[in-house]
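Report on one structure; see the data block that follows.
Lettering follows sequence order; numbering is per chain, from 1. These numbers come from the heavy atoms of this one structure, side chains and all, not from hydrogens, waters or symmetry mates.
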Amino acid sequence: GAGVSQSPSNKVTEKGKDVELRCDPISGHTALYWYRQSLGQGLEFLIYFQGNSAPDKSGLPSDRFSAERTGGSVSTLTIQRTQQEDSAVYLCASNGQGALNEQYFGPGTRLTVT
Amino acid sequence: SQQGEEDPQALSIQEGENATMNCSYKTSINNLQWYRQNSGRGLVHLILIRSNEREKHSGRLRVTLDTSKKSSSLLITASRAADTASYFCARIQGAQKLVFGQGTRLTINP
């Protein structure tokens with residue numbers, strides 16, 4: 001079946017512009033995660049959605065970052081007023097069997113802020 | 001912040017040899033997971049070992065877990081060129097988020 005998809009695969013934007021990154025989880029998966037991978041910082045958790053519960057936003061690095069998940073499926077990560085340090089690969093993952101099981105990752109969006 | 005350490009950071013071996021990567025962590029776990037990443041993009045889940053397990057096998061992969069030492073190892077036997085990738089250990093923290101180690105960059109030389 002279809003895996004997790006993300007779009008765009010690559011995004012180049014100018015400093016100060018807003019960007020939106022999209023994630024389509026595996027159908028039926030109730031949990032959705034966003035991570036960021038940048039040089040020197042490794043893989044960092046950003047935000048977690050589980051069903052209709054309030055999202056865990058504890059990993060968002062600043063108030064310029066926000067995410068929503070509409071209808072319990074597609075999620076959008078928005079970065080406002082992008083900075084060069086936002087350049088990274090943004091990875092989305094979903095999970096349908098609870099926290100103790102593996103997460104399924106999308107191919108990521110490589111964001112470059114110039 | 002990262003709460004796992006992996007070593008070595010980079011490993012280069014000849015095809016056919018075995019590759020061993022280690023992971024240490026600082027807090028108690030329910031399980032430890034290993035992921036592979038090719039070309040800096042999506043991660044692929046390899047194997048999950050629960051805290052009450054000591055060893056687990058999947059094909060050419062063998063994972064061990066020593067909760068007393070808070071460490072795990074991933075062994076890839078009879079390595080192939082296609083095994084070239086970065087390997088990460090990860091544990092669940094708090095609200096189901098994965099906390100990753102720094103990763104080991106494995107290169108298999110033909």
Side-chain angles (χ1 to χ4, degrees), chain A residues 3-10 23-26 29-51 53-61 87-112, chain B residues 1-10 21 23-53 56 58 61 63 65 72 74 85-105:
Chain A
V4 177
S5 61
Q6 293 185 246
S7 61
S9 57
N10 289 283
C23 172
D24 284 86
I26 292 173
H29 278 189
T30 57
L32 186 148
Y33 312 78
W34 283 97
Y35 297 88
R36 177 173 71 173
Q37 186 176 29
S38 51
L39 287 175
Q41 295 295 322
L43 280 149
E44 304 171 274
F45 165 82
L46 296 178
I47 188 169
Y48 159 67
F49 296 89
Q50 173 62 61
S53 302
D56 175 355
K57 305 178 181 180
S58 60
L60 295 179
S87 296
V89 175
Y90 290 82
L91 294 161
C92 175
S94 69
N95 175 308
Q97 297 177 346
L100 298 182
N101 294 327
E102 64 267 27
Q103 296 181 12
Y104 296 83
F105 282 80
T109 293
R110 183 178 298 278
L111 175 66
T112 304
Chain B
S1 62
Q2 298 292 335
Q3 294 192 33
E5 296 294 331
E6 293 184 61
D7 73 89
Q9 291 188 353
M21 290 157 273
C23 167
S24 62
Y25 55 92
K26 297 180 180 179
T27 62
S28 62
I29 59 169
N30 289 315
N31 66 63
L32 196 83
Q33 303 178 31
W34 285 88
Y35 288 81
R36 183 185 71 217
Q37 184 179 40
N38 292 86
S39 305
R41 299 305 285 263
L43 283 85
V44 174
H45 179 266
L46 294 176
I47 198 165
L48 179 154
I49 186 166
R50 300 186 185 276
S51 59
N52 61 354
E53 297 176 312
K56 199 163 185 179
S58 177
L61 306 180
V63 168
L65 178 64
S72 176
L74 171 67
S86 292
Y87 292 81
F88 296 87
C89 66
R91 62 177 181 83
I92 295 291
Q93 180 185 62
Q96 293 81 42
K97 63 186 178 186
L98 283 173
V99 176
F100 289 88
Q102 296 288 347
T104 294
R105 174 68 188 169

| said: Using every non-hydrogen atom in the two residues, find where A:Q37 and B:F88 come nearest and quote the distance to one decimal. | reply: NE2-CZ, 3.8 Å
| Student check: side-chain heavy atoms of B:Q37 and A:L91 closer than 4.5 Å | yes
| Which heavy atom of B:L98 sits nearest a heavy atom of A:F45, and at what distance? | O-CB, 4.3 Å
| query | Is chain B contacted by the side chain of A:S58, its backbone, both, or neither, given a heavy-atom distance below 4.5 Å? | reply | side chain
| task | Look at atom CD of B:E53 and say whether more than 12 heavy atoms of other residues, nucleotides or ligands are closer to it than 6.0 Å. | result | yes
| Rounded to the nearest 0.5 Å, how far does NZ of B:K97 lie from CD of A:E44? | 11.0 Å
| remark: Closest non-hydrogen contact found for B:Q33 with A:E102 is OE1-CA, 3.6 Å
